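Read through the structure below, which is laid out as structure tokens, and then see the notes.
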Amino acid sequence: MSDREEHVVAVLGAGTMGHGIAQVCARAGFETRLADVDVPAAAAGRAKLEQSLARLVEKKKLSADDASATLARVRAVDADAACAGATIVIEAAPEKMELKVDLLRRASKGADPRALFASNTSSLSITELGQRLGAPERTLGTHFFNPPPVMELLELVRGVGTSDESIERALAFAAALGKTPIVIRDFPGFATSRLGVCIGAEAIRMLEQGVGKVADIDRAMELGYRHPMGPLKLSDLVGLDVRLAILEHLHRELGEVFRPPVLLRQMVRAGRLGKKSGHGFYRWTDAGPEPSDV
Ligand code: CAA
């Protein structure tokens, strides 16, 4: 018999990342509860998860039985029901500290007394989150990558107060999910976002300066550096609002090099958020992404 810790997982936020994280947890065999601002929003996330599983069945990457068993482990509920007795709470809400503190504070009321409080934040301070939650030793970052079912890395972020025991439990959780973890010290932007947004922001500035068209700038990194997708397409995949929030935070914390490009602000103001809104630097249709120069 396996001695792995049998988690009950609450995922708070059923958007781009949240439903993918829930898919990974349920696929690993854990009971998974998915919540959002209300139950219909959580149910919409679960429906996307169902579609994602159906695509895997279609491609013969997953049996129909495994897909149904995975789906059966996921319940779309309200946040209180999601957190009741949960042993790990993963918040995947927008990049706003107040919102994350609020969500995890509420979660801590009903969760298991030993529960880990994990944030999927791309850049915000885990140390501050743990301190304000009143459980610094059990608070950490579990930073997943989009699309969560595909991407191998799990960046674990250790706050100043995070205990060794919590990191050990998180490492075991990562292994159960089939992810390869790295443990990173809490510092704005961690190891991944800090580097990732630099390339993305520079690509947007190059577009502003007329260095090349969307397709050419992306092709430069796809063919010249073997990146699986260029920086503008990747920004669309992540969400331009998410990228802007990360850059604004890193600009405040680390300085000028992270100043958000004006064009990025304009696109977010125009509602061109990337793949999730159907239009960013590309138009996203069923036929695939088409460059859309600005
Ligand atoms: N669930 C399960 N599997 C999925 C999936 C999903 N939701 N989406 C795609 N896949 C699988 C496909 O089944 C396919 O599997 P095979 O190779 O075994 O056939 C594989 O992923 C590739 O998918 P596609 O063939 O449809 O597309 P692709 O080859 O163009 O790859 C991609 C798509 C995986 C997204 C690839 O382009 C890629 O790796 N891009 C870079 C992604 C990246 O850098 N992500 C990190 C963003 S930063 C972030 O997320 C953190 C942050 O803080 C903002």
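Positions are given from 1 along the sequence. Only heavy atoms go into these numbers, but all of them, side chains included; no hydrogens, no water, no symmetry mates. Not measured: the values here are computed from a predicted model.
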Thinking salt bridges, do D36 and R46 make one under a 4.0 Å N-O criterion? no

Got a salt bridge between R259 and E256, using NZ or NE/NH1/NH2 to carboxylate O under 4.0 Å? yes

What do the steps show when you test I90 against L12 for side-chain contact (heavy atoms from CB on, under 4.5 Å), and what is the final call? CA-CA 6 Å; I90 304 174; L12 306 182; over 6 Å; no

Check for a donor-acceptor pair, side chain of R138 on one end and backbone N or O of P113 on the other, with a separation under 3.5 Å. yes

Check whether more than 12 heavy atoms from other residues, nucleotides or ligands sit under 6.0 Å from atom NZ of K179, and answer yes or no. yes

For salt bridge (charged side-chain N to carboxylate O under 4.0 Å, His left out), just list the numbers for R205 and E208, CA-CA rounded to whole Å, side-chain angles, deciding distance to a tenth of an Å, and then say yes or no. CA-CA 5 Å; R205 277 191 266 273; E208 282 176 334; over 6 Å; no

Heavy atoms from other residues, nucleotides or ligands near CZ of R219 exceed 12 (cutoff 6.0 Å): no

State whether the side chain of R272 and the backbone N or O of M267 hold a donor-acceptor pair below 3.5 Å, judged by distance alone. no

Run the salt bridge (charged side-chain N to carboxylate O under 4.0 Å, His left out) check on R4 and E6 step by step: do they pass? CA-CA 6 Å; R4 84 171 191 173; E6 274 314 317; 2.7 Å; yes

Is E155 reaching over with its side chain to a backbone N or O of I184, donor-acceptor style, under 3.5 angstrom? no

Examine distances only and state if a side-chain atom of D293 and a backbone atom of V214 form a donor-acceptor pair shorter than 3.5 Å. yes

Classify the side-chain pair T87/D112 by whether it contains a donor and acceptor separated by less than 3.5 Å. no

Any carboxylate oxygen within less than 4.0 angstrom of a Lys/Arg side-chain nitrogen, looking at D80 and R106? yes

Any K213 side-chain heavy atom under 4.5 Å of P291 side chain: no

Before you tell me yes or no, could you show the steps for R283 and E290 under salt bridge (charged side-chain N to carboxylate O under 4.0 Å, His left out), namely the whole-Å CA-CA distance, both residues' side-chain angles and the distance that decides it to 0.1 Å? CA-CA 5 Å; R283 280 199 184 276; E290 271 299 312; over 6 Å; no

Considering residues, nucleotides and ligands other than E152, do more than 12 of their heavy atoms fall under 6.0 Å from its CD? no

Keeping the roles fixed (side chain from R194, backbone from S123), state whether a donor-acceptor pair exists under 3.5 Å. no

Check whether any side-chain heavy atom of T180 lies under 4.5 Å from a side-chain heavy atom of L154, and answer yes or no. no

Can you list the steps and then say if L34 with V77 is a side-chain contact (heavy atoms from CB on, under 4.5 Å)? CA-CA 6 Å; L34 186 57; V77 289; over 6 Å; no

Should K60 and E58 count as an ion pair when the cut-off is N to O under 4.0 Å? no

Between the side chains of T121 and E95, does any donor sit under 3.5 Å from an acceptor? yes

Assess the residue pair R132 and E98 against the criterion (salt bridge (charged side-chain N to carboxylate O under 4.0 Å, His left out)); give the C-alpha distance rounded to whole Å, side-chain angles, the decisive distance to 0.1 Å, and a yes or no. CA-CA 10 Å; R132 293 181 61 187; E98 297 310 312; 2.8 Å; yes

Would a distance-only check, ignoring hydrogens and angles, find a side-chain to backbone donor-acceptor pair under 3.5 Å from N120 to F144? yes

Are P136 and T127 close enough that some pair of their side-chain heavy atoms sits under 4.5 Å apart? no

Donor-acceptor pair, T32 side chain versus V74 backbone, under 3.5 Å? no

Can any side-chain N or O of H249 pair as donor or acceptor with the backbone N or O of A245 at less than 3.5 Å? no

Looking at side-chain heavy atoms only, is the closest gap between L116 and V89 below 4.5 Å? no

Is V197 close to L250 at the side-chain level, that is, under 4.5 Å between some pair of heavy atoms? yes

Closer than 3.5 angstrom, by distance alone: can the side chain of S119 be matched with the main-chain N or O of G141 as a donor-acceptor pair? no

Contacts table for residues 229-241: side-chain donor-acceptor under 3.5 angstrom, sequence neighbours left out:
unit_1, atom_1, unit_2, atom_2, d
S235, OG, P231, O, 2.7
S235, OG, R243, NH1, 3.1
D236, OD1, F281, N, 2.9
D236, OD2, F281, N, 3.0
D236, OD2, Y282, N, 2.9
D236, OD2, W284, NE1, 2.9
D241, OD1, K276, NZ, 2.9
D241, OD2, K276, NZ, 3.0

Whether E91 and K100 form a salt bridge (side-chain N of Lys/Arg under 4.0 Å from carboxylate O of Asp/Glu) is what I want to check. yes

Are Q209 and V211 side-chain neighbours, meaning at least one heavy-atom pair lies under 4.5 Å? yes

When you compare the side chain of R114 with that of E5, does any pair of heavy atoms fall below 4.5 Å? yes

Closer than 3.5 angstrom, by distance alone: can the side chain of T70 be matched with the main-chain N or O of D66 as a donor-acceptor pair? yes

Do V11 and V9 have side-chain heavy atoms sitting under 4.5 Å apart? yes

Please determine whether side-chain contact (heavy atoms from CB on, under 4.5 Å) holds for the pair H143 and F190, giving the CA-CA distance in whole Å, both sets of side-chain angles, and the decisive distance to 0.1 Å. CA-CA 10 Å; H143 187 200; F190 317 135; 4.2 Å; yes

Counting heavy atoms not belonging to Q131, are there more than 12 under 6.0 Å from its CD? no

Give a yes/no verdict on a cation-pi contact between R105 and F117, requiring under 6.0 Å between NZ or CZ and the six-membered ring centre and an angle within 45° of the axis. no

